[in-house]
Asks: 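The structure's right below; bear with me while I get my questions together.
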Amino acid sequence: QVQLGESGGGLVQAGGSLRLSCATSCRTFRSYAMGWFRQAPGKDRDCVAVVSWRGGSAYHAASVKGRFSITRDNAKNTVFLQMNSLKPEDTAVYYCAADHYGLGERRSTEYEYWGQGTQVTVSS
């Protein structure tokens, strides 16, 4: 069982920045692809960014490319999502997820483990 815990969400003005963290005590963290997903009220859960278990490839959704960046620190068992130039449409609950030996799938159904989510609210 892999337990994931997100932090770093909050309220920020448009144009501001936040850095989300997702930590786990799992000692095999490096064998998991990690993804960030988000879900706004009344909408589907969408993929924001993913990084493969090898860490060599990363994907960012078109809506966040150039503004968000996913990175992982295997020594700290943590994955990060740096979010810059935030927009009101980025408002959502953000979830991190883990996929064992994943290559960076964008479908939420590929991920076995999920965090509880952290709220990000961007005011205009």
Side-chain angles (χ1 to χ4, degrees):
Q1 186 76 13
V2 176
Q3 293 184 326
L4 305 173
E6 302 97 335
S7 61
L11 173 64
V12 64
Q13 288 188 329
S17 298
L18 285 173
R19 189 192 196 201
L20 304 184
S21 300
C22 174
T24 177
S25 59
C26 175
R27 287 179 288 180
T28 58
F29 171 79
R30 64 179 63 246
S31 68
Y32 286 84
M34 299 300 297
W36 285 99
F37 293 77
R38 67 186 181 187
Q39 188 166 22
K43 295 189 177 181
D44 294 333
R45 186 172 296 189
D46 293 329
C47 179
V48 176
V50 300
V51 60
S52 66
W53 74 273
R54 294 179 183 272
S57 63
Y59 161 83
H60 298 82
S63 59
V64 306
K65 203 166 188 178
R67 301 187 297 121
F68 292 11
S69 178
I70 186 172
T71 56
R72 65 187 301 158
D73 185 337
N74 288 338
K76 296 182 178 179
N77 293 344
T78 303
V79 62
F80 303 97
L81 185 69
Q82 178 66 44
M83 305 188 295
N84 299 327
S85 302
L86 282 159
K87 304 175 181 179
E89 51 263 44
D90 295 318
T91 296
V93 177
Y94 283 70
Y95 300 89
C96 72
D99 175 20
H100 203 206
Y101 288 122
L103 298 179
E105 295 288 341
R106 306 167 195 176
R107 293 172 295 179
S108 60
T109 52
E110 295 293 324
Y111 290 78
E112 301 101 315
Y113 302 103
W114 291 83
Q116 79 285 355
T118 186
Q119 177 70 46
V120 171
T121 303
V122 185
S123 62
S124 56

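From a predicted model like this one, the values you see are computed outputs, not experimental measurements.
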Asks: How close do Thr78 and Ala23 get, heavy atom to heavy atom, and via which atoms?
Replies: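 For Thr78 versus Ala23, the nearest heavy atoms are OG1-CB, 3.9 Å.
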Asks: What do the steps show when you test Asp99 against Glu112 for side chain to side chain contact (heavy atoms under 4.5 Å, CB included), and what is the final call?
Replies: CA-CA 6 Å; Asp99 175 20; Glu112 301 101 315; 3.3 Å; yes
Asks: Taking all atoms of both residues into account, what is the closest heavy-atom pair of Cys47 and Tyr59, and its distance?
Replies: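 In terms of heavy atoms, the two residues are closest at SG-CE2, 3.9 Å.
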Asks: Looking only at atom types and distance, does a side-chain atom of Gln39 sit under 3.5 Å from a main-chain N or O of Ala92, one as donor and one as acceptor?
Replies: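 Looks like no, no N/O pair under 3.5 Å.
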Asks: Output the distance between atom CZ (Arg72) and atom CZ (Arg30), rounded to the nearest 0.5 Å.
Replies: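 Going from CZ on Arg72 over to CZ on Arg30, the span is 8.5 Å.
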Asks: I'd like to know whether CD of Gln3 has more than 12 heavy-atom contacts from other residues, nucleotides or ligands below 6.0 angstrom.
Replies: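 Atom CD in Gln3 is not crowded, with 12 or fewer foreign heavy atoms closer than 6.0 Å.
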Asks: Find the distance between OG (Ser85) and CZ (Arg67) and round it off to the nearest 0.5 Å.
Replies: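 That separation rounds to 7.0 Å.
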Asks: Roughly how far apart are Asn74 CG and Thr28 OG1, rounded to 0.5 Å?
Replies: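 OG1 of Thr28 is found 10.5 Å from CG of Asn74.
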Asks: When rounded to the nearest 0.5 angstrom, what is the spacing between CH2 in Trp53 and OH in Tyr101?
Replies: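 If I round to the nearest 0.5 Å, the distance is 6.0 Å.
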Asks: Can you name the residues that form a side-chain hydrogen bond (donor to acceptor under 3.5 Å, both in side chains) with Thr24, not counting sequence neighbours?
Replies: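 Counting only residues at least two positions away or on another chain, Thr24 forms no side-chain hydrogen bond (donor to acceptor under 3.5 Å, both in side chains).
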Asks: Any side-chain heavy atom of His100 within less than 4.5 Å of one from Ser31?
Replies: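 Answer yes - side chains close enough.
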Asks: Quick check against the 3.5 Å criterion: does Tyr111 have a side-chain atom that pairs as donor or acceptor with the backbone of Glu105?
Replies: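 Indeed, once roles are kept as given, a pair shorter than 3.5 Å links the two residues.
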Asks: Rounded to the nearest 0.5 Å, how far does CG of Asn77 lie from CZ of Arg27?
Replies: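 Output value for this atom pair is 10.5 Å.
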Asks: Do Arg38 and Ser63 have side chains that approach each other closer than 4.5 Å (heavy atoms only, starting at C-beta)?
Replies: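 Heavy-atom side-chain distance check passes, below 4.5 Å.
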Asks: Which residues end up grouped with Phe68 if you chain together Ile, Leu, Val, Met, Phe, Trp and Tyr wherever their side-chain heavy atoms are less than 4.5 Å apart?
Replies: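 Answer for Phe68: Val2, Leu4, Val12, Leu18, Leu20, Phe29, Tyr32, Met34, Trp36, Val48, Val51, Val64, Ile70, Val79, Leu81, Met83, Leu86, Tyr94, Tyr113, Val120, Val122.
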Asks: Okay, side chain of Arg106, backbone of Val50: is any donor-acceptor separation there less than 3.5 Å?
Replies: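 Checked: no pair found.
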Asks: Applying side-chain hydrogen bond (donor to acceptor under 3.5 Å, both in side chains) as the test, list every pair that has at least one member in residues 7-23; sequence neighbours left out.
Replies: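 Of all non-adjacent pairs touching residues 7-23, those that pass side-chain hydrogen bond (donor to acceptor under 3.5 Å, both in side chains) are Ser17-Asn84.
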Asks: Within the distance-only criterion (no hydrogens, no angle test), does the side chain of Asp44 pair as donor or acceptor with the backbone N or O of Asp46 below 3.5 angstrom?
Replies: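 It does not hold such a pair.
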